[in-house]
Amino acid sequence: MAALRKVVVVALLAALLLAAVVFAYNNPGTISLDIGVTRLERVPIGAAFALAFAAGWAAGLASAVVAMLKGANERRRLRRHLRNAEDEARNLRGLSLHDAD
């Protein structure tokens, strides 16, 4: 199963690389980019596309990491509350009904 997964990942990466090469070959022109703080002149279209793709991928990865960290924090909080509830239940079971008299 793990070998099949590796083959699929390598095939997907190879297809992505091939698509990028074909895109860059079919779009040999250059463009100007204004990125807010500076203006870049004569940037190859393939490089601009790859940069935009990488920036989008990084933003998606960052948002996924934030969601995972929030989930881990919530699990940690819930485990602490469960431990406290279990301790309280154990203490209540240990009390004798005759202690109330």
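In this structure, L33 and I31 approach most closely via the heavy-atom pair CD2-CD1, 3.8 Å.
With values rounded to the nearest 0.5 angstrom, R79 atom CZ is found 9.0 Å from R83 atom CZ. Here T30 contributes atom OG1 and L40 contributes atom CG; the two are 12.0 Å apart, rounded to the nearest 0.5 Å.
In this structure, E88 and N84 have side chains that are not in contact, with every pair of non-hydrogen atoms separated by 4.5 Å or more. Residues E41 and R39 form a side-chain contact, since some pair of their non-hydrogen atoms from C-beta on lies under 4.5 Å apart. Looking only at side-chain heavy atoms (C-beta outward), F23 and I45 come within less than 4.5 Å of each other.
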Working note: S32 + R42, criterion side chain to side chain contact (heavy atoms under 4.5 Å, CB included); need CA distance, chi angles, decisive distance, verdict. CA-CA 5 Å; S32 295; R42 297 182 350 177; 6.0 Å; no
Could you give me the CA-CA distance, side-chain angles and deciding distance for L13 and L17, then say whether side chain to side chain contact (heavy atoms under 4.5 Å, CB included) is met? CA-CA 6 Å; L13 289 175; L17 180 64; over 6 Å; no
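Hydrophobic cluster membership is shared by V43 and F49, with clusters built from Ile, Leu, Val, Met, Phe, Trp and Tyr side chains linked at under 4.5 angstrom.
Between R76 and E74 no salt bridge is recorded (no basic side-chain N to carboxylate O distance below 4.0 Å).
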